[in-house]
Visitor: 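Dropping the structure in here first, questions after.
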Amino acid sequence: MSAPQQKLPPGIRAWTDGRVEAAALRAYELVVIGCSMGGMKALMTIFEVLPKDFPLPIVVAQHRYKTSNEALPAYFRRHTALDVVDALDKQWVQPGTVYLAPADYHLLVDRDGEHGELSLSVDAAVAYSRPSIDVMFESAADAYGQGVIGIVLTGANADGARGAKRIKQRGGFVIVQDPQSAESPSMPEAAIAAARVDRILPLERIGPFLIELCRSTSP
Amino acid sequence: MANQPAQILDEQAKADLEEIEIRLLTEGIFRHYGFDFRDYSLPSLRRRVWKRVYAEGLSTIAGLIEKVLHDPQSMERLLLDLSINTTAMFRDPTFYLAFREKVVPLLRTYPFVRMWHAGCSTGEEVYSMAILLQEEGLYDRCRIYATDINEAVLQKAKSGIFPLSTMQENTSNYITAGGSGTFSDYYTARYDYAIFRPSLRENVVFAQHNLVTDASFNHFNVIFCRNVLIYFNNALQDRVQQLFLQSMEMFGILGLGKKESIKYTKVVDHYEDVDPEEKLYRRIR
Ligand SMILES: C[S@@+](CC[C@H](N)C(=O)[O-])C[C@H]1O[C@@H](n2cnc3c(N)ncnc32)[C@H](O)[C@@H]1O
């Protein structure tokens, strides 16, 4: 990929390509993804390339309508080898499964001994959002530290920036969708401005990169 | 960008310390005030505690421990943070629709129905169910208990006064929920408020009850506990489910929140599905 040096969006320090450095290869435990406007298509692009035996659980906070229901995970299921479900409270996460934050709830990640466990809340919306990406990312960083891979995708607000920062503080790995490939660049830009992110990648590169990054993780 | 292991270890140590502080805080509150938050689910608890730390102008949880233990008013404020949550009338309209279609026919066969709304918050759920029961002609044979840990929200619930600004959404929920009348007939608008018909709470008893520390107080044909158990950890959910079981008549109905399931609790074998999607269950043993 050629790095377009011209017109760096505000807050972006550098473009990076998708090579995985040895230092970043370690046993990751969880992938968290945040997206908002344009998120459907972006998620599909990533899910399409991930294999059924992808070694990590994937937890997604996507801004969605209050009335959005089981049709959303069902739609995703038709287009990916992964299992996709709306998260239930106190559910344990499994590799190769995508857990969506249900409409009108915050989704938090916790640990119950060996198991990653999901927890819901109906606390007030954060920055007008419930689910909030920050809430989900911060809880994942707290529970998993270095084991987290966080991904910030397209969106028309700044949700996810604080969360990305916390993931970095706790030693996790953060990938941000290249704002120029994003339907709505504000969310990726805000994340890049807030945190020393590890990779800025065009959308189509994120899935393959993720597979590469998780090579050393066996389920 | 190389990782900085020392800094990351430092962050890990901070996180471990934070967990110790939260444990000390809940232990202190329990011993001193008797409120037991020790088995509340950690991620939500952590967020709420930090919110209070900042609101009190403090910078550490240890600081909050000192403050709440010596200043009951600050404890009151923390208690509000730990218990006030958002709620809405006919939240999850399809739940009410399923109740109408699948549970109401069962209740018609009973001469008398005892219901319990556990964790009723400001009462929107209670008024919604009362409306449904009136429309189905069942209200007069119902005795409804609505409880919460938090006295302040119960006062609001008793008043039956809700912000007028929420009525548009409530109305559309009411319609989706299968409402057979006109929603605005149930309240009078005054200034920015909607005052609900007192007849809706004629058969309702509002009372303080803590699901963690208080005992079973009656036997019920229907128990609702929606979006309360999500704040508890697994062990506590199991304990509270035991309490519901003790309080549940045989063939009684349990209604949980849309994303709560008895699947992950130990009482699962005592219930059969009435509508698994809407989390309506029926006690069978
Ligand atoms: C999100 S509200 C649920 C309101 C309503 N049931 C609904 O689904 O919209 C949660 C309520 O649980 C109450 N609660 C929390 N801990 C409790 C406890 N230990 N005993 C009783 N109620 C509790 C809180 O005070 C709060 O009002």
Side-chain angles (χ1 to χ4, degrees), chain A residues 13-14 16 21 23-24 26 66-67 69-70 85-92 101-113 115 117-126 130 132 134-136 138-146 166 168-174 195-199, chain B residues 1-12 14-16 18-19 40-48 50-51 81-88 91-94 121 169 172-173 176 226-238 256-265 277 279:
Chain A
R13 280 181 278 269
T16 49
E21 290 156 17
R26 55 170 182 265
K66 258 191 192 179
T67 49
N69 57 22
E70 295 286 333
V85 296
D86 258 358
L88 284 175
D89 184 58
K90 302 297 171 293
Q91 184 171 27
W92 284 352
D104 214 19
Y105 286 88
H106 292 300
L107 175 58
L108 298 98
V109 181
D110 194 8
R111 250 184 215 274
D112 183 16
H115 303 273
E117 186 181 87
L118 302 174
S119 210
L120 298 172
S121 120
V122 287
D123 282 8
V126 174
R130 187 170 73 190
S132 149
D134 284 335
V135 168
M136 198 265 275
E138 288 177 1
S139 70
D142 287 336
Y144 281 90
Q146 294 193 67
R166 176 87 126 253
K168 282 315 297 170
Q169 266 173 0
R170 297 295 317 274
F173 194 95
V174 173
R196 290 194 136 266
V197 306
D198 297 275
R199 288 291 185 284
Chain B
M1 212 180 314
N3 286 325
Q4 292 138 320
Q7 202 174 317
I8 287 162
L9 282 178
D10 207 39
E11 288 293 332
Q12 182 57 47
K14 260 200 248 171
D16 294 344
E18 177 191 68
E19 191 168 336
Y40 276 45
S41 179
L42 188 61
S44 286
L45 190 61
R46 182 192 283 126
R47 290 196 72 83
R48 292 163 156 204
W50 275 112
K51 199 175 148 220
D81 288 342
L82 292 179
S83 59
I84 282 200
N85 316 112
T86 56
T87 180
R91 172 186 242 165
D92 309 315
T94 49
S121 189
E169 187 179 353
S172 100
N173 282 353
T176 318
R226 308 196 71 219
N227 302 306
V228 181
L229 296 170
I230 50 178
Y231 291 102
F232 301 167
N233 71 15
N234 274 314
L236 184 52
Q237 289 201 5
D238 278 330
L256 302 180
K258 181 101 188 171
K259 297 296 167 185
E260 295 168 323
S261 175
I262 50 168
K263 223 164 46 183
Y264 307 118
T265 66
E277 187 71 14
K279 309 301 181 291

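The sequence lines fix the lettering, A, B, ..., with proteins before strands; numbering per chain opens at 1.
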Visitor: Which answer fits A/Val135, side chain, backbone, both or neither, if we ask what part of it has an atom under 4.5 Å from a heavy atom of chain B?
Guide: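 Backbone plus side chain of A/Val135, per the 4.5 Å heavy-atom cut-off to chain B.
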Visitor: State, without any angle test, whether B/Arg47 and A/Ser121 hold a side-chain donor-acceptor pair at a distance under 3.5 Å.
Guide: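 Short answer, no.
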Visitor: Taking only residues two or more places apart in sequence or in another chain, which ones pass salt bridge (charged side-chain N to carboxylate O under 4.0 Å, His left out) with B/Glu19?
Guide: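 Per chain and number, B/Glu19 pairs via salt bridge (charged side-chain N to carboxylate O under 4.0 Å, His left out) with B/Arg23.
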Visitor: Answer whether the closest heavy-atom distance between the side chains of A/Lys90 and B/Ser41 falls below 4.5 Å.
Guide: yes
Visitor: Ignoring hydrogens and geometry beyond distance, is a side-chain donor-acceptor pair present between A/Asp89 and B/Tyr264 at under 3.5 Å?
Guide: no
Visitor: Counting only heavy atoms closer than 4.5 Å, note whether B/Lys258 contacts chain A via side chain, backbone, both or neither.
Guide: both
Visitor: Give, for atom CG of A/Asp110 and atom CG of B/Asn234, the distance between the pair rounded to the nearest 0.5 Å.
Guide: 9.5 Å
Visitor: Would a 4.5 Å heavy-atom cut-off, applied to side chains only, mark B/Arg46 and A/Asp142 as touching?
Guide: yes
Visitor: Against chain A, label B/Lys51 side chain, backbone, both or neither, depending on which of its atoms sit under 4.5 Å from a heavy atom there.
Guide: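 No part of it gets close to chain A.
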Visitor: Measuring heavy-atom distances to chain B, does A/Ala143 have an atom under 4.5 Å in its side chain, in its backbone, in both, or in neither?
Guide: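 Neither part, no heavy atoms under 4.5 Å.
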Visitor: For B/Ser44, is it the side chain, the backbone, both or neither that has a heavy atom under 4.5 Å from a heavy atom of chain A?
Guide: both
Visitor: Test of understanding: with ring pair (Phe, Tyr, Trp, His ring centres under 6.0 Å), list the residues that count as partners of B/Tyr231, not counting sequence neighbours.
Guide: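 By the ring pair (Phe, Tyr, Trp, His ring centres under 6.0 Å) rule, B/Tyr231 matches no residue at all.
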Visitor: Name the option with the most non-hydrogen atom pairs under 4.5 Å to chain B; the candidates are A/Gln91, A/Gln169, A/Arg130.
Guide: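 Among A/Gln91, A/Gln169, A/Arg130, the one with the most close pairs to chain B is A/Gln91.
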Visitor: Tell me, for A/Glu70 versus chain B, whether the close heavy atoms (under 4.5 Å) come from the side chain, the backbone, both or neither.
Guide: side chain
Visitor: To the nearest 0.5 Å, tell me how far B/Glu277 CD sits from A/Asn69 CG.
Guide: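 Taking CD in B/Glu277 and CG in A/Asn69, the distance rounds to 8.5 Å.
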